[in-house]
Amino acid sequence: MAAIGRLKRRPEFLRVADARRKWVAPGLILQTTRQAGQGSPQRPAGERVENGGDGDLRVGFTASRKVGNAVARNRARRRLRAAVAEILPRYAKRGHDYVVIARAGTLTRSFDDLVADLTTGLRRLGVYRAAEALGTSPEHATERLVER
RNA sequence: CCAGACGGCCGGAUGGCCGCCUUCCGGUCCGACUUGAUCGAAAGCCGGGCCGGGGGGAGGAAAGUCCGGGCUCCACGGAAACACGGUGCCGGGUAACGCCCGGCGGGGGCGACCCCAGGGACAGUGCCACAGAAAGCAAACCGCCCCGCCCGCCGAUCAUCGAUCGGCUACCGGGGUAAGGGUGAAAGGGUGCGGUAAGAGCGCACCGCGCGCCCGGCGACGGGAGCGGCACGGUAAACCCCACCGGGAGCAAGACCGCAUAGGGGCGGCCGAUCCCAUGCUCUUCGGGGCUGAGGGUCAGGCGUGUUUCCGCGCCGCCGCCCGGGUAGGUCGCGCGAGGCGUCCGGCAACGGGCGUCCCAGAUGAAUGGUCAUCCCCGACUCUCCCGAUGGGAGGGUCGGGACAGAACCCGGCUUACAAGCCGUCUGGCCUC
RNA sequence: GGCCCGGUGGCAGAGUGGUCAUGCAGGGGACUGCAAAUCCCCGUACAUCGGUUCGAUUCCGGUCCGGGCCU
């Protein structure tokens, strides 16, 4: 997953939330916005700019105390991270930032439904991108992406 | 077999696919520096990316942050006194503890066993609401009893009213009492017998209490014989007294690097004494004098070091309020330690010692996992079979569930949460032999 | 992660070993032609579990919530 960057700082999360592009599913909430322009001054100093033509995609995760105690929050974040690792590199538009928020249903929903929530979220927000790789198996597609 | 007590262990297993963090090795690429030098090439070293391979990767509570330490910085010169906080039967263990072990005393249980902040109330002060006669010096009050006086009544004698004597008795006075007095958490030893005018440790027996003596024990304490006849209520998780312990803060400690802003601004208050003295004003008999006093020195002053005092130290125009600016960037601290396991020895035990062996998490929007399948356990429903049959057992199927909970500098404890299961020791009861 | 505070009616907010003030809100009544204002009356609470004490909101421990601070 070399292509996926990570949102870590609070201002980055607030910027995505201010864009107000949100999709609520039983298992998660998806927010997204276009990244600030390449090499723009808003980008924090020291943030390395990755090469890659039309930009990278970056993801952040949020699990608030409403989800549960520390064990429940960790588990919710891990499930979301696994679903994101399966979907976003192939189907999410680049040059965008994404924030995935855990809900109470994140823990009880089956993993297939969780993945389906994510893809419909991408479709609803208009950031779905058909996989250009022609590989038949997901592994092959991922490998090609990595090679690029 | 049933019921129970205590101590300990474990905290789902296996496999497939896809991942994360860290460390080591090899390869490859990139960058900085140094040597080298004709630009170069090359070598060394450092850092980073990718690929391949090997090793390691949450807990018994990682939790609450309630105690004790290590470690780091500040005060570290100290002292004394005063505070303040904590602990509190005895003896051990320990680096230390409010922890642990073994005892003692008290309480509970048929028992195994469990529970107890368990120093001091004759150093002092305070409090004990309501109720009650009285709540802390022990007396007053009601009541009981005796004596005196004597209103009155009754009886007897002398006998005309009346007098004398005896008995009972209201009021009053004097005295003896602490047995009794609807209370109350608590009432000045308790029960029984004797005793007395009524009573009372007034006397006796037992129990309790106190005092010193002897014996056992390191000690808390226990036992014995004796004496005193009882004087000494509770509360110290009320103040307090005694003994012992404690300097303050905490890894957001602290060190280095980088970035940014600034050596900030506004308002209010205080800006003292003295010495040196630039400058300016002024007087002048030209030697100098007076006033001013930027700046500097000393003292004072303020703040900090728990308070005060003494000296000492640091920061300084000071103090209060408000505004403004920057910041959760990186590296280190950061894991060989009061360490784990095994075994032997000492000890009732906690624990200590010797020997051998092992290296065993280091994340930082925070790794240690995600998913699928099979197995295991539990529950509900259902099918078949068996039996000593409104119940039980065996096998199969479907569905659901499998706890409490996530390291954040590290240890030793305590407390709290926790499904299911396993092991050992012991107690009581029932049945059979 | 560490340190430090606080839980009292629907809300705010005193109290402190002896049966918990006060204000606003709510309900009822009086006054009024009807209201407002005013007056009277009423209901409702010490976060929770233990311990000390005769007696606990208070004192002492343990939990559960809520809040603040760190350079």
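Protein chains get the first letters and strands the later ones, always in sequence-line order, with residue 1 at the start of each. Side-chain atoms are counted along with the backbone in the values below, which use heavy atoms only and exclude waters and symmetry mates. Treat the numbers as computed from the prediction; the structure is a model and nothing was measured.
- Between Tyr98(A) and Leu57(A), the shortest heavy-atom distance links the atoms CE1-CB, 4.0 Å.
- Here the closest heavy-atom approach between residue Thr108(A) and residue Arg79(A) is recorded as N-NH1, 4.4 Å.
- Set against rU371(B), rA366(B), rG406(B), the side chain of Arg75(A) has rU371(B) as its closest nucleotide.
- Base orientation for rG60(B): syn, the chi torsion being within 90° of 0.
- In this structure, rU65(B) makes no Watson-Crick or G-U wobble pair, since no nucleotide meets both defining distances under 3.5 angstrom.
- Put simply, the side chain of Asp117(A) never gets that close to the backbone of Ala25(A): no donor and acceptor are under 3.5 Å apart.
- By the rule that a glycosidic angle within 90° of 0 means syn, rA21(C) does not qualify and counts as anti.
- Rounded to an integer number of Å, the gap from CG of Leu114(A) to P of rC372(B) is 11 Å.
- When the P atom is compared between rA134(B) and rU183(B), the two are found 15 Å apart, to the nearest whole Å.
- One atom, CG of Leu107(A), and another, P of rG370(B), lie 11 Å apart when rounded to the nearest Å.
- Pairing of rG18(C), defined by two Watson-Crick or G-U wobble distances under 3.5 Å, is identified with rC54(C).
- In this structure the side chain of Leu88(A) reaches within 4.5 angstrom of the side chain of Leu122(A), judged on heavy atoms.
- The nearest whole Å value for the distance from the CD atom in Glu86(A) to the C1' atom in rG19(B) is 11 Å.
- Distance alone, capped at 3.5 Å, is enough to place a donor-acceptor pair between the Arg129(A) side chain and the Arg90(A) backbone.
- The side chain of Phe13(A) lies closest to rG365(B), out of rU371(B), rG365(B), rG406(B).
- In this structure, rG93(B) shows a glycosidic angle more than 90 degrees from zero, which is the anti conformation.
- The partner of rC230(B) is rG208(B), by the rule that a Watson-Crick or G-U pair needs both atom distances under 3.5 Å.
- Checking Ala82(A) against Thr62(A), the closest nucleotide of RNA chain B that is more toward the 5' end is the one next to Thr62(A).
- The side chain of Arg79(A) approaches rU371(B) more closely than any other nucleotide in the set rA58(B), rA405(B), rU371(B).
- Atom pair Ile87(A):CD1 and rU371(B):P shows a separation of 15 Å (rounding to whole Å applied).
- Distance noted for atom C1' between rG78(B) and rU305(B): 13 Å (whole Å).
- In this structure, Asn69(A) atom CG and rC64(C) atom P are separated by 13 Å, rounded to whole Å.
- rU196(B) is unpaired under the criterion used here, namely a Watson-Crick or G-U wobble arrangement in which both key atom distances are under 3.5 Å.
- Between Leu80(A) atom CG and rG370(B) atom P the separation is 12 Å, expressed in whole Å.
- The partner of rA255(B) is rU331(B), by the rule that a Watson-Crick or G-U pair needs both atom distances under 3.5 Å.
- At a cut-off of 3.5 angstrom, counting only N and O atoms as typed in the model, there is a donor on one side and an acceptor on the other between the side-chain of Arg78(A) and the base of rG406(B).
- Atom P of rU52(C) sits at a distance of 15 Å from the matching atom of rG61(C), rounded to the whole Å.
- Position along RNA chain B of the nearest nucleotide to Val71(A) versus Ala83(A) favours Ala83(A) as the more 5'-ward residue.
- rG69(B) and rG102(B) have their P atoms separated by 26 Å, with the value rounded to a whole Å.
- Across every strand in view, rG148(B) sits in a pair with rC172(B) that passes the Watson-Crick or G-U test at under 3.5 angstrom.
- For rG335(B), the O4'-C1' to base torsion is within 90° of 0; the nucleotide is therefore syn.
- Taking atom C1' in both rG190(B) and rA200(B), the straight-line distance is 15 Å, to the nearest Å.
- Separating the CZ atom of Arg81(A) from the C1' atom of rU368(B) is a distance of 11 Å, rounded to the nearest angstrom.
- Comparing rA47(C) with rG66(C), their C1' atoms are spaced 11 Å from each other, to the whole Å.
- Here, rC313(B) and rC240(B) have their P atoms 39 Å apart, quoted to the whole Å.
- Using a 4.5 Å cut-off on side-chain heavy atoms (C-beta onward), Arg103(A) and Val24(A) make contact.
- The same atom, C1', is picked in rA225(B) and in rG212(B); the two are 13 Å apart, to the nearest Å.
- Taking atom CG of Asn74(A) as the reference point, atom C1' of rU364(B) lies 13 Å away to the nearest angstrom.
- Within 4.0 Å (heavy atoms only), Arg73(A) reaches no atom of the nucleic acid at all.
- With its glycosidic angle more than 90° from 0, rU35(B) is assigned anti.
- Nucleotide rA140(B) is matched to nothing when pairs are restricted to Watson-Crick or G-U wobble geometry with both distances under 3.5 angstrom.
- Under the Watson-Crick or G-U wobble criterion, with both distances below 3.5 Å, rA134(B) has no partner in any strand shown.
- The minimum heavy-atom distance linking Phe61(A) with Val84(A) is given by the pair CE2-CG2, 3.9 Å.
- At least one donor-acceptor pair under 3.5 Å links the side chain of Arg21(A) to the backbone N or O of Leu125(A).
- The phosphate of rA367(B) (OP1 or OP2) has a side-chain N or O of Arg77(A) nearer than 4.0 angstrom.
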